[in-house]
Amino acid sequence: MTITRGAPAGSAPTARDEYADAIGTAIRAAAPSYRSGDSPLDDASFDLLVSLIQAYEERYPAHPAARPTPAAR
């Protein structure tokens, strides 16, 4: 069982920096689950994070999606 660390608090990001951090957290949490199955977020926390990202994108459709640079991966 994976212990949840840094789980989302339950409210959508309100600033671009928070949004970019949420995207980065989701990418970092998803990648290990495809390799070793050991993600820093449990399934419920990951699902919540994705829904909070979606809520931000719906609230601010003009903001471009945060995309990590190849060096950040």
- Note on the structure: Closest non-hydrogen atoms of Ile23 and Glu57, given as atom of the first, atom of the second and distance, are CD1-OE2, 4.4 Å
- Side-chain heavy-atom pair Leu48, Leu41 within 4.5 angstrom cut-off: no
- Message: A quick test of your reading: do over 12 heavy atoms of other residues, nucleotides or ligands sit less than 6.0 Å from CG of Asp47?
- Response: yes
- Set of side-chain contact (heavy atoms from CB on, under 4.5 Å) partners for Thr14, sequence neighbours left out: Glu18, Arg59
- Task: Give the minimum heavy-atom separation between Tyr56 and Pro13, together with the two atoms involved.
- Result: CD1-O, 3.0 Å
